[in-house]
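This report refers to the structure that appears directly beneath it.
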Protein chains: 2
Amino acid sequence: MDHMDYSAQMRDLGLRVTRGRLAVLDALESHPHSSAERVVIAVHQTLPEVSIQSVYNVLNDLTEQGMLRRFTPPYSAALYETRVNDNHHHALCTSCGRIEDVECAVGHAPCLTPSNSHGMEIQLADVLYQGICEDCRKTDAA
Amino acid sequence: MDHMDYSAQMRDLGLRVTRGRLAVLDALESHPHSSAERVVIAVHQTLPEVSIQSVYNVLNDLTEQGMLRRFTPPYSAALYETRVNDNHHHALCTSCGRIEDVECAVGHAPCLTPSNSHGMEIQLADVLYQGICEDCRKTDAA
DNA sequence: CCTCTTAATTTGAATCTGTCAAGATAAGAA
DNA sequence: TTCTTATCTTGACAGATTCAAATTAAGAGG
(Lines give C-alpha, C1' and ligand atoms only; values in the text may rest on other atoms or scores of the structure.)
Protein backbone atom coordinates (compact mmCIF):
# COMPACT_ATOMS: atom_id res chain seq x y z
CA MET A 1 0.00 0.00 0.00
CA ASP A 2 1.65 3.25 -1.06
CA HIS A 3 0.83 6.93 -0.70
CA MET A 4 -1.42 7.01 -3.72
CA ASP A 5 -3.55 4.19 -2.42
CA TYR A 6 -3.77 5.69 1.04
CA SER A 7 -4.61 9.10 -0.39
CA ALA A 8 -7.35 7.70 -2.58
CA GLN A 9 -8.75 5.76 0.35
CA MET A 10 -8.81 8.84 2.55
CA ARG A 11 -10.54 10.90 -0.12
CA ASP A 12 -13.09 8.16 -0.55
CA LEU A 13 -13.76 8.35 3.15
CA GLY A 14 -14.15 12.12 2.97
CA LEU A 15 -10.92 12.73 4.85
CA ARG A 16 -8.38 15.30 3.80
CA VAL A 17 -4.99 14.01 2.78
CA THR A 18 -2.33 15.56 4.98
CA ARG A 19 1.37 15.02 5.47
CA GLY A 20 0.78 13.99 9.05
CA ARG A 21 -1.67 11.28 8.10
CA LEU A 22 0.56 9.89 5.40
CA ALA A 23 3.51 9.94 7.78
CA VAL A 24 1.56 8.00 10.42
CA LEU A 25 0.51 5.43 7.83
CA ASP A 26 4.12 5.14 6.62
CA ALA A 27 5.36 4.73 10.16
CA LEU A 28 2.91 1.93 10.87
CA GLU A 29 3.62 0.32 7.52
CA SER A 30 7.28 -0.07 8.42
CA HIS A 31 6.75 -0.53 12.16
CA PRO A 32 3.59 -2.52 12.72
CA HIS A 33 2.26 -2.96 16.28
CA SER A 34 3.53 0.44 17.34
CA SER A 35 2.28 2.48 20.26
CA ALA A 36 1.33 6.13 19.81
CA GLU A 37 4.68 7.06 21.33
CA ARG A 38 6.61 4.94 18.83
CA VAL A 39 4.59 6.36 15.98
CA VAL A 40 5.50 9.84 17.14
CA ILE A 41 9.18 8.90 17.15
CA ALA A 42 8.96 7.41 13.67
CA VAL A 43 6.96 10.33 12.27
CA HIS A 44 9.45 12.80 13.72
CA GLN A 45 12.26 11.22 11.68
CA THR A 46 10.81 12.84 8.60
CA LEU A 47 8.39 15.45 9.98
CA PRO A 48 9.72 16.79 13.30
CA GLU A 49 7.08 19.51 13.40
CA VAL A 50 4.10 17.18 13.78
CA SER A 51 2.67 17.45 17.29
CA ILE A 52 2.03 14.52 19.59
CA GLN A 53 -1.61 15.50 19.83
CA SER A 54 -1.88 15.36 16.08
CA VAL A 55 -0.55 11.81 16.02
CA TYR A 56 -3.22 10.86 18.54
CA ASN A 57 -5.84 12.55 16.41
CA VAL A 58 -4.70 10.75 13.30
CA LEU A 59 -4.55 7.39 15.03
CA ASN A 60 -8.06 7.85 16.38
CA ASP A 61 -9.52 9.19 13.14
CA LEU A 62 -8.00 6.52 10.92
CA THR A 63 -8.93 3.78 13.37
CA GLU A 64 -12.48 5.06 13.45
CA GLN A 65 -12.60 5.00 9.66
CA GLY A 66 -11.25 1.47 9.54
CA MET A 67 -7.91 2.35 7.96
CA LEU A 68 -6.05 1.32 11.10
CA ARG A 69 -6.60 -1.42 13.58
CA ARG A 70 -6.05 -0.86 17.26
CA PHE A 71 -5.53 -3.45 19.97
CA THR A 72 -4.34 -3.47 23.55
CA PRO A 73 -2.27 -6.35 24.90
CA PRO A 74 -2.27 -6.79 28.68
CA TYR A 75 -0.13 -4.21 30.51
CA SER A 76 0.49 -2.36 27.25
CA ALA A 77 -0.51 0.94 25.73
CA ALA A 78 -2.70 0.71 22.64
CA LEU A 79 -0.93 -0.59 19.54
CA TYR A 80 -1.78 0.18 15.93
CA GLU A 81 -1.28 -1.49 12.56
CA THR A 82 -2.22 -0.87 8.96
CA ARG A 83 -3.20 -4.45 8.31
CA VAL A 84 -6.98 -4.43 8.50
CA ASN A 85 -9.90 -6.43 7.20
CA ASP A 86 -8.15 -9.81 7.16
CA ASN A 87 -9.19 -10.62 10.72
CA HIS A 88 -5.69 -11.78 11.63
CA HIS A 89 -4.71 -12.41 15.23
CA HIS A 90 -1.64 -11.74 17.36
CA ALA A 91 0.84 -13.76 19.35
CA LEU A 92 2.48 -12.02 22.30
CA CYS A 93 5.68 -13.14 23.97
CA THR A 94 4.97 -12.60 27.65
CA SER A 95 8.68 -12.47 28.33
CA CYS A 96 9.91 -9.78 25.94
CA GLY A 97 6.66 -8.26 24.67
CA ARG A 98 7.35 -9.14 21.07
CA ILE A 99 4.27 -9.46 18.88
CA GLU A 100 3.80 -11.55 15.76
CA ASP A 101 0.90 -11.65 13.35
CA VAL A 102 -0.95 -14.92 13.18
CA GLU A 103 -3.04 -15.74 10.17
CA CYS A 104 -6.67 -16.41 10.81
CA ALA A 105 -7.63 -19.80 9.44
CA VAL A 106 -11.05 -18.50 8.48
CA GLY A 107 -9.93 -15.09 7.22
CA HIS A 108 -13.05 -13.15 8.10
CA ALA A 109 -14.90 -12.25 11.29
CA PRO A 110 -16.16 -13.88 13.38
CA CYS A 111 -13.87 -16.84 12.92
CA LEU A 112 -15.15 -18.47 16.10
CA THR A 113 -18.60 -18.76 17.58
CA PRO A 114 -19.18 -19.20 21.29
CA SER A 115 -21.15 -22.17 22.53
CA ASN A 116 -23.47 -19.89 24.49
CA SER A 117 -23.50 -16.27 23.45
CA HIS A 118 -25.96 -15.11 26.15
CA GLY A 119 -28.14 -13.53 23.49
CA MET A 120 -25.32 -11.52 22.01
CA GLU A 121 -24.98 -11.26 18.28
CA ILE A 122 -21.28 -11.98 17.87
CA GLN A 123 -19.56 -9.94 15.18
CA LEU A 124 -15.92 -10.56 15.94
CA ALA A 125 -13.68 -13.00 17.76
CA ASP A 126 -10.43 -11.40 18.82
CA VAL A 127 -7.74 -13.92 19.63
CA LEU A 128 -4.53 -13.11 21.46
CA TYR A 129 -2.11 -15.97 21.76
CA GLN A 130 0.38 -15.70 24.58
CA GLY A 131 3.58 -17.65 25.02
CA ILE A 132 7.36 -17.53 24.89
CA CYS A 133 9.18 -16.69 21.69
CA GLU A 134 12.14 -18.62 20.37
CA ASP A 135 14.74 -16.06 21.45
CA CYS A 136 13.43 -15.91 25.01
CA ARG A 137 13.34 -19.70 25.26
CA LYS A 138 17.03 -19.81 24.34
CA THR A 139 17.89 -17.06 26.79
CA ASP A 140 15.87 -18.59 29.61
CA ALA A 141 17.47 -21.96 29.09
CA ALA A 142 20.93 -20.49 29.58
CA MET B 1 -15.95 -19.93 47.28
CA ASP B 2 -16.38 -18.42 50.74
CA HIS B 3 -14.11 -16.66 53.20
CA MET B 4 -12.74 -19.87 54.66
CA ASP B 5 -11.69 -21.13 51.27
CA TYR B 6 -10.12 -17.84 50.28
CA SER B 7 -8.32 -17.61 53.62
CA ALA B 8 -6.93 -21.11 53.30
CA GLN B 9 -5.83 -20.40 49.77
CA MET B 10 -4.04 -17.23 50.79
CA ARG B 11 -2.28 -18.98 53.65
CA ASP B 12 -1.20 -21.73 51.30
CA LEU B 13 0.29 -19.08 49.09
CA GLY B 14 2.11 -17.53 52.03
CA LEU B 15 -0.10 -14.46 51.99
CA ARG B 16 -1.56 -12.92 55.13
CA VAL B 17 -5.32 -12.93 55.39
CA THR B 18 -6.55 -9.38 55.78
CA ARG B 19 -9.94 -7.71 55.80
CA GLY B 20 -9.04 -5.75 52.73
CA ARG B 21 -8.15 -8.81 50.71
CA LEU B 22 -11.30 -10.63 51.73
CA ALA B 23 -13.37 -7.56 50.92
CA VAL B 24 -11.84 -7.32 47.45
CA LEU B 25 -12.52 -11.00 46.82
CA ASP B 26 -16.10 -10.56 48.05
CA ALA B 27 -16.59 -7.54 45.84
CA LEU B 28 -15.39 -9.41 42.76
CA GLU B 29 -17.40 -12.47 43.69
CA SER B 30 -20.61 -10.44 43.59
CA HIS B 31 -19.51 -8.02 40.86
CA PRO B 32 -17.39 -9.90 38.35
CA HIS B 33 -15.59 -7.96 35.60
CA SER B 34 -15.09 -4.94 37.82
CA SER B 35 -12.51 -2.23 37.37
CA ALA B 36 -10.29 -1.17 40.25
CA GLU B 37 -12.53 1.85 40.73
CA ARG B 38 -15.66 -0.30 41.01
CA VAL B 39 -13.93 -2.62 43.41
CA VAL B 40 -13.07 0.37 45.58
CA ILE B 41 -16.71 1.44 45.59
CA ALA B 42 -17.91 -2.04 46.49
CA VAL B 43 -15.28 -2.50 49.20
CA HIS B 44 -16.16 0.87 50.72
CA GLN B 45 -19.74 -0.29 51.28
CA THR B 46 -18.49 -2.45 54.10
CA LEU B 47 -15.00 -1.11 54.81
CA PRO B 48 -14.88 2.62 54.07
CA GLU B 49 -11.43 2.95 55.59
CA VAL B 50 -9.64 0.84 52.98
CA SER B 51 -7.47 3.05 50.78
CA ILE B 52 -7.54 3.10 47.02
CA GLN B 53 -3.87 2.25 46.88
CA SER B 54 -4.55 -0.79 49.01
CA VAL B 55 -7.15 -2.04 46.57
CA TYR B 56 -4.61 -1.66 43.76
CA ASN B 57 -2.08 -3.58 45.86
CA VAL B 58 -4.52 -6.37 46.57
CA LEU B 59 -5.62 -6.64 42.95
CA ASN B 60 -2.01 -6.85 41.81
CA ASP B 61 -0.89 -9.27 44.50
CA LEU B 62 -3.81 -11.64 44.07
CA THR B 63 -3.57 -11.52 40.30
CA GLU B 64 0.13 -12.30 40.53
CA GLN B 65 -0.64 -15.27 42.76
CA GLY B 66 -3.29 -16.55 40.40
CA MET B 67 -6.25 -15.92 42.68
CA LEU B 68 -7.63 -13.27 40.37
CA ARG B 69 -7.72 -12.94 36.64
CA ARG B 70 -7.15 -9.64 34.95
CA PHE B 71 -8.09 -8.64 31.41
CA THR B 72 -8.36 -5.42 29.46
CA PRO B 73 -11.08 -4.95 26.86
CA PRO B 74 -10.47 -2.28 24.24
CA TYR B 75 -10.93 1.28 25.53
CA SER B 76 -11.39 -0.04 29.06
CA ALA B 77 -9.47 0.02 32.29
CA ALA B 78 -8.30 -3.36 33.54
CA LEU B 79 -11.07 -5.63 34.81
CA TYR B 80 -10.80 -8.36 37.42
CA GLU B 81 -12.68 -11.55 38.27
CA THR B 82 -12.39 -14.39 40.75
CA ARG B 83 -13.11 -17.06 38.20
CA VAL B 84 -9.70 -18.46 37.32
CA ASN B 85 -8.20 -21.66 35.98
CA ASP B 86 -11.12 -22.62 33.74
CA ASN B 87 -9.76 -20.71 30.76
CA HIS B 88 -13.13 -19.16 30.05
CA HIS B 89 -13.52 -16.33 27.57
CA HIS B 90 -15.50 -13.10 27.40
CA ALA B 91 -18.10 -11.54 25.17
CA LEU B 92 -18.20 -7.76 25.06
CA CYS B 93 -21.15 -5.70 23.87
CA THR B 94 -19.52 -2.92 21.88
CA SER B 95 -22.61 -0.81 22.33
CA CYS B 96 -23.12 -0.78 26.10
CA GLY B 97 -19.89 -2.34 27.35
CA ARG B 98 -21.61 -5.25 29.03
CA ILE B 99 -19.48 -8.35 29.46
CA GLU B 100 -20.58 -11.97 29.67
CA ASP B 101 -18.57 -15.05 30.45
CA VAL B 102 -18.30 -17.56 27.66
CA GLU B 103 -17.42 -21.15 28.42
CA CYS B 104 -14.32 -22.48 26.76
CA ALA B 105 -15.14 -25.57 24.80
CA VAL B 106 -11.78 -27.06 25.68
CA GLY B 107 -11.66 -25.89 29.28
CA HIS B 108 -7.91 -25.51 29.59
CA ALA B 109 -5.22 -23.38 27.94
CA PRO B 110 -4.31 -23.15 25.18
CA CYS B 111 -7.64 -24.03 23.65
CA LEU B 112 -6.52 -22.92 20.20
CA THR B 113 -3.27 -23.35 18.35
CA PRO B 114 -2.17 -20.95 15.62
CA SER B 115 -1.39 -22.29 12.18
CA ASN B 116 2.02 -20.61 12.22
CA SER B 117 3.30 -19.63 15.64
CA HIS B 118 6.53 -18.01 14.35
CA GLY B 119 8.56 -20.18 16.71
CA MET B 120 6.59 -19.14 19.76
CA GLU B 121 5.61 -21.73 22.30
CA ILE B 122 1.95 -20.87 22.79
CA GLN B 123 0.69 -21.23 26.35
CA LEU B 124 -2.62 -19.45 26.18
CA ALA B 125 -5.23 -18.34 23.68
CA ASP B 126 -7.25 -15.41 24.96
CA VAL B 127 -10.50 -14.96 23.09
CA LEU B 128 -12.63 -11.85 23.27
CA TYR B 129 -15.89 -12.03 21.40
CA GLN B 130 -17.39 -8.70 20.42
CA GLY B 131 -20.91 -8.01 19.33
CA ILE B 132 -24.25 -6.48 20.29
CA CYS B 133 -26.20 -7.76 23.26
CA GLU B 134 -29.90 -8.50 23.21
CA ASP B 135 -30.91 -5.33 25.06
CA CYS B 136 -28.95 -3.07 22.73
CA ARG B 137 -30.37 -4.79 19.67
CA LYS B 138 -33.87 -4.03 20.91
CA THR B 139 -32.98 -0.44 21.71
CA ASP B 140 -31.23 0.13 18.40
CA ALA B 141 -34.16 -1.29 16.48
CA ALA B 142 -36.50 1.26 18.06
C1' DC C 1 -5.00 30.83 -9.68
C1' DC C 2 -7.57 32.94 -5.76
C1' DT C 3 -10.93 32.76 -2.16
C1' DC C 4 -13.51 30.67 1.21
C1' DT C 5 -15.11 27.12 4.23
C1' DT C 6 -14.12 24.10 7.59
C1' DA C 7 -11.38 20.02 8.60
C1' DA C 8 -7.07 19.32 10.61
C1' DT C 9 -3.44 20.84 13.60
C1' DT C 10 -1.17 23.09 17.46
C1' DT C 11 -0.73 24.39 22.14
C1' DG C 12 -1.50 23.84 26.82
C1' DA C 13 -4.20 22.25 30.39
C1' DA C 14 -6.62 18.48 32.30
C1' DT C 15 -8.19 13.62 33.17
C1' DC C 16 -7.85 8.88 34.08
C1' DT C 17 -5.49 4.90 35.51
C1' DG C 18 -2.08 3.27 37.89
C1' DT C 19 2.78 3.22 40.29
C1' DC C 20 6.52 4.58 43.71
C1' DA C 21 8.26 5.40 48.26
C1' DA C 22 8.32 6.12 53.23
C1' DG C 23 6.37 5.64 57.45
C1' DA C 24 2.56 3.48 60.32
C1' DT C 25 -0.05 -0.62 61.34
C1' DA C 26 -1.34 -5.25 62.12
C1' DA C 27 -1.06 -10.62 60.92
C1' DG C 28 0.55 -14.44 62.81
C1' DA C 29 4.84 -17.12 64.23
C1' DA C 30 7.41 -18.01 68.43
C1' DT D 1 2.50 -11.41 74.73
C1' DT D 2 6.22 -10.12 71.87
C1' DC D 3 8.44 -9.54 67.66
C1' DT D 4 9.15 -9.64 62.77
C1' DT D 5 7.87 -8.07 58.58
C1' DA D 6 4.06 -8.18 55.30
C1' DT D 7 0.51 -5.12 54.50
C1' DC D 8 -1.64 -0.69 54.48
C1' DT D 9 -1.85 4.39 54.36
C1' DT D 10 -0.63 8.77 52.67
C1' DG D 11 0.91 11.70 49.32
C1' DA D 12 3.57 12.53 45.44
C1' DC D 13 4.21 11.20 40.84
C1' DA D 14 4.11 9.14 36.01
C1' DG D 15 2.25 7.45 31.58
C1' DA D 16 -1.29 7.41 28.29
C1' DT D 17 -4.74 9.81 26.44
C1' DT D 18 -8.38 13.42 25.99
C1' DC D 19 -10.45 18.18 25.95
C1' DA D 20 -10.83 22.89 24.32
C1' DA D 21 -9.64 27.11 22.00
C1' DA D 22 -7.06 29.36 18.66
C1' DT D 23 -4.39 28.75 14.33
C1' DT D 24 -3.40 26.69 9.91
C1' DA D 25 -4.08 24.59 5.61
C1' DA D 26 -6.79 21.08 2.27
C1' DG D 27 -9.38 21.33 -1.48
C1' DA D 28 -14.07 22.86 -3.46
C1' DG D 29 -15.94 26.57 -6.20
C1' DG D 30 -15.52 30.56 -8.83
Side-chain angles (χ1 to χ4, degrees), chain A residues 3-4 6-25 27-28 33-44 46-65 67-68 70-80 97, chain B residues 3-4 6-25 27-28 33-44 46-65 67-68 70-80 97:
Chain A
H3 276 190
M4 296 312 287
Y6 283 135
S7 298
Q9 203 176 342
M10 284 192 263
R11 288 208 188 81
D12 286 350
L13 289 165
L15 296 177
R16 292 183 182 172
V17 177
T18 68
R19 277 192 238 157
R21 282 176 176 166
L22 290 173
V24 166
L25 286 163
L28 285 171
H33 315 140
S34 289
S35 64
E37 187 191 4
R38 291 207 167 279
V39 171
V40 168
I41 291 170
V43 166
H44 279 181
T46 50
L47 296 177
E49 72 276 16
V50 173
S51 71
I52 294 174
Q53 178 62 59
S54 191
V55 169
Y56 274 104
N57 289 343
V58 170
L59 291 172
N60 282 335
D61 293 346
L62 296 186
T63 300
E64 207 168 315
Q65 296 300 323
M67 286 186 67
L68 291 179
R70 173 191 154 122
F71 65 106
T72 315
Y75 302 100
S76 163
L79 305 182
Y80 299 85
Chain B
H3 275 189
M4 297 311 287
Y6 283 136
S7 299
Q9 203 177 343
M10 285 193 262
R11 288 207 189 83
D12 286 350
L13 290 165
L15 296 176
R16 292 185 182 170
V17 177
T18 68
R19 278 192 236 159
R21 283 178 176 164
L22 290 173
V24 166
L25 287 163
L28 285 172
H33 314 140
S34 289
S35 65
E37 187 191 6
R38 291 206 167 281
V39 171
V40 168
I41 291 170
V43 165
H44 279 181
T46 50
L47 296 177
E49 72 277 16
V50 173
S51 70
I52 294 174
Q53 178 62 59
S54 191
V55 169
Y56 275 106
N57 290 342
V58 170
L59 291 172
N60 282 336
D61 294 345
L62 296 186
T63 300
E64 206 168 314
Q65 297 299 324
M67 288 187 65
L68 291 179
R70 172 191 155 122
F71 65 106
T72 314
Y75 302 100
S76 164
L79 305 183
Y80 298 86

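Below, chain A is the first sequence line, B the second, and so on; all start at residue 1. Hydrogens, waters and symmetry mates play no part in the numbers below; they use all other heavy atoms, side chains included.
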Exercise. Would you indicate, yes or no, if dT19(C) has its OP1 or OP2 atom less than 4.0 angstrom from a side-chain nitrogen or oxygen of N60(B)?
Key: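 Answer yes for this pair, as a side-chain N or O of N60(B) is under 4.0 Å from OP1 or OP2.
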Quiz item: Taking for each residue the nucleotide of DNA chain C bearing the nearest heavy atom, is the 5' side occupied by A77(B) or by G20(A)?
Solution: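 Per heavy-atom nearest nucleotide, the more 5' residue is G20(A).
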Quiz prompt | Listed partners of R38(A) passing salt bridge (Lys or Arg N to Asp or Glu O under 4.0 Å), at least two apart | solution =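 R38(A): no salt bridge (Lys or Arg N to Asp or Glu O under 4.0 Å) contacts found.
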Exercise. Return the set of residues passing salt bridge (Lys or Arg N to Asp or Glu O under 4.0 Å) with R11(A) (not counting sequence neighbours), or none when no residue passes.
Key: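 Not a single residue meets the salt bridge (Lys or Arg N to Asp or Glu O under 4.0 Å) criterion with R11(A).
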Where is the tightest heavy-atom contact between [X] and [Y], given as atom of each residue plus distance?
X      : Y      : answer
S7(A)  : L22(A) : OG-CD2, 3.9 Å
A36(A) : V55(A) : O-CG1, 4.1 Å
A23(B) : L47(B) : CB-CD1, 3.8 Å

Exercise. Shoot me the first and last contacting nucleotide of DNA chain D against chain B, ordered 5' to 3', at under 4.0 angstrom to non-hydrogen atoms.
Key: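 Terminal contacting nucleotides, 5' to 3': dT5(D) to dG11(D).
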Quiz item: NE2/H33(B) to CG/L28(B) distance, rounded to the nearest 0.5 angstrom?
Solution: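 Here the interatomic distance stands at 10.0 Å.
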Quiz prompt | Set of residues satisfying side-chain contact (heavy atoms from CB on, under 4.5 Å) with respect to Q53(A), sequence neighbours excluded | solution =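 So Q53(A) forms a side-chain contact (heavy atoms from CB on, under 4.5 Å) with S51(A), Y56(A), N57(A).
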Quiz item: Roughly, in whole Å, what's the span from CG in L25(A) to C1' in dA8(C)?
Solution: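 Rounded to the whole Å, the gap is 15 Å.
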Self-check item: For atom CD1 of I52(B) and atom P of dT19(C), their distance in whole Å
Solution: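 Atom CD1 in I52(B) sits about 13 Å away from atom P in dT19(C).
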Practice problem: Just report the end-to-end axis angle for the helix from dC1(C)-dG30(D) to dA30(C)-dT1(D), five pairs per end, to 10 degrees. | Solution: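 The value is 40°.
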Exercise. Could you tell me whether a side-chain N or O of T63(A) sits under 3.5 Å from a main-chain N or O of L59(A), the two making a donor and an acceptor?
Key: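 Checking the backbone N and O of L59(A) against the side chain of T63(A), a donor-acceptor pair under 3.5 Å is found.
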Practice problem: Kindly say whether D61(B) contributes a backbone atom to a donor-acceptor pair with the side chain of R21(B) at under 3.5 angstrom? | Solution: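 Looks like no, no N/O pair under 3.5 Å.
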Taking only nitrogen or oxygen atoms into account, show me every contact under 3.5 Å that the protein makes with nucleotides 21-27 of chain C, one pair per line with its distance.
residue, atom, partner, partner atom, Å
dA27(C), N3, R16(B), NH1, 3.3

Quiz item: Are the charged groups of E49(B) and R19(B) less than 4.0 angstrom apart, N to O?
Solution: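 Salt bridge: yes.
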